[in-house]
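First the structure, in the form of structure tokens, and then the observations on it.
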There are 2 protein chains.
Amino acid sequence: MSRKPVIVGIGRTAYSRNSGKSTLTLAAEAAREALADAGFAASDLDGAATYQVADSASPMRVAHAIGSAGLRWNLDLMGGGNYATSVVANAAMAVQAGACDVALAYRSLNGRSGRRFGRADGALQVGGEQQFAGPHGYLTPPQWMAMWTRAHQQTYGSTCEDLGQIAIAQREHAAANTHAVKRDRITMDDYLGGRWINEPLRIYDCALEVDGACAVVLTTEERARDLRHTSVEILGHAEFTGEGGSWDQWPDLTSMYSVRAGPELWARTGRRPEEVDVACMYDCFTYTVMVTLEEFGLCERGQVGRFFEEGRATYGGDVVVNPHGGLLSEGYIHGLNHTYEAVLQLRGDAGERQVEDAGLALVTAGAGPYGGGMLLAASR
Amino acid sequence: MSRKPVIVGIGRTAYSRNSGKSTLTLAAEAAREALADAGFAASDLDGAATYQVADSASPMRVAHAIGSAGLRWNLDLMGGGNYATSVVANAAMAVQAGACDVALAYRSLNGRSGRRFGRADGALQVGGEQQFAGPHGYLTPPQWMAMWTRAHQQTYGSTCEDLGQIAIAQREHAAANTHAVKRDRITMDDYLGGRWINEPLRIYDCALEVDGACAVVLTTEERARDLRHTSVEILGHAEFTGEGGSWDQWPDLTSMYSVRAGPELWARTGRRPEEVDVACMYDCFTYTVMVTLEEFGLCERGQVGRFFEEGRATYGGDVVVNPHGGLLSEGYIHGLNHTYEAVLQLRGDAGERQVEDAGLALVTAGAGPYGGGMLLAASR
């Protein structure tokens, strides 16, 4: 089908601890770069989608800022990294359905100098799920994730050192990524010496809050033929919002959305986990890398520490996990930078950190009961 | 195609000035009714989408509340009535693309007892467009719309009496709608005697803020074959987010999103405005009915007052505009109740207010630079 949607452009700002810019300015920068990367003019843009938590600029404003002649489709999603792959998948559906021809998916945030996700902002949500947990001080993602991590440790015997292996490997990868905010290598001693954020999670287990924006551009396969880069195809997307219905409780705390989305992704695409060359696993915490590797079927349950220790998650191993250093080291652009990296790798444009013959990339997004995974391939 | 998406169920709560219920409870009630109306169990639900302004319950929570086994697709859109048709159109795309099989689109709000859209809530948005207009007290939809209305009056010679004709006709329709919150007929004297909200808009020009929820259920044409009601097909949807990029300014204030979405809807569907039997025109204010009737091509520019006066917008005329009384009289369920009414009419289930041989319905959503329109037909 000529309307098959493909990713044809990527763009981003510098990632920093203090951008000194508005989220509108950051979004416009990333959007302009992504469109230029594809070979489009701003006036070609007729679709846009983002996700935010009232901390960023809407598609309407970004489109206007860069000189779009108006959008024929847009989504302004209220939510976090759980939407980081589905924002792309929905843009793809819109292109496929003919709602628009050139769609932008972006995330822009001042996640360090502005609203920080790792901290409670003092405002208790009235009527939401936090009304029950909040009064007990149970308010932030590291607190939730710490409880899940502890449950996993008790059930499967995973250890802090297992998490440490993930943190160390990703920082090692970031050393080759000039865009990463943290590039200094760490040892297990460094990891274990890191301060507690919420036990059993240490500072090195937590995504690096940064300011910045990231964007990808999609269009139809037909229009992509005239463009500059190798197109990247979306082989499939699967998301799941669990039966627990909240961030605080669901039937099995050692499991995540991926227990359902993982198998569904393979069923939808007809591919297998063993075929994945690059795995950009959502790493708001090391813990989410662990559980999604298990549940997307890249590693046996409880064996993730060993998987990293044996070098199976890096160059020369089974699969390269987060070659850019992920959210832990490159920076927390709320997960959309995982798609950026996957596209870069599939194009063969990742330079010093290029994964050899990268043909298939898995990108995941989200944590706990709610998230998704997307399988990307270079379209040659 | 067997995956062609159709609307198969509708549900709603009572509409009132004080529900005494949470938006989660209201959403769950409407969702349960819509699923039951279709003939689905709650466990069949695997997709959900809503739009809100941080005043309502997310798809994750609603799905859990009613007993869904989890969602495979969801959108939690941050926005107003501008999304009232696109929330349905996006659900349709998701069904068509196979992201889910049974999708709910809903809107739940305590729009009278909770957050009222017609009032400034005291919180100036920092960094948003209101940072420039807000300090001057230019904060609420009736203020914006009043300026646009004045511009239309100066440019096209439309009058307050023209707006009055719309208000009178819709209240006349509401008299036959037991679900409407306001059913008392009004005369032109009543209308002109109404108090100013923002000159030239009077109380009767403004949508009736109410509490309540409304939901529609979509599935594939194939699954619809076994269900209870006549399916309703989405012939097309067109939305436009204008080049102005804000609520405060865009090139022509006498025009709206519909100047682009209108012609595009007819181009996409191959149908003509003259074929429409039922027009559910988004009426946050009488003014939006006026301009969308012009720009979707149902009436000549500047002739809308006469169009209503001559009975062309009611039973026996060219098209029945808002047979339920619309947001002005039935209540402001943020526009999704327009889709509910269109489905009811196309099924032939509208009782006393049934439009004879209703085969084609236009539903519009939004105001100013941003909104959409959707064409629905009974699938016989």
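Naming convention: chains lettered A, B, ... in sequence-line order (proteins, then strands); numbering from 1 in each chain.
Of the listed residues (B/A99, B/A65, B/C100), the greatest number of heavy-atom pairs within a distance under 4.5 Å of chain A belongs to B/A99. No other option in A/D76, A/T23, A/V62 has as many heavy-atom pairs under 4.5 Å with chain B as A/D76. Of all the listed residues (A/R268, A/Q52, A/H237), the one sharing the greatest number of non-hydrogen pairs under 4.5 Å with chain B is A/R268. The greatest number of non-hydrogen atom pairs below 4.5 Å with chain A, out of B/L24, B/V87, B/L71, is found for B/L71.
Residue B/Y83 touches chain A through its side chain alone, counting heavy-atom pairs closer than 4.5 Å. With a threshold of 4.5 angstrom between heavy atoms, B/D46 does not approach chain A through any atom at all.
B/A97 approaches A/M93 most closely through the heavy-atom pair CB-SD, 3.5 Å. For the pair B/N74 and A/E239, the tightest heavy-atom approach, listed with the atom from each and the gap, is N-OE2, 3.2 Å. Shortest non-hydrogen contact noted between A/A54 and B/M78 is N-CE, 3.9 Å.
Between A/W73 and B/N90, some side-chain heavy-atom pair lies under the 4.5 Å cut-off.
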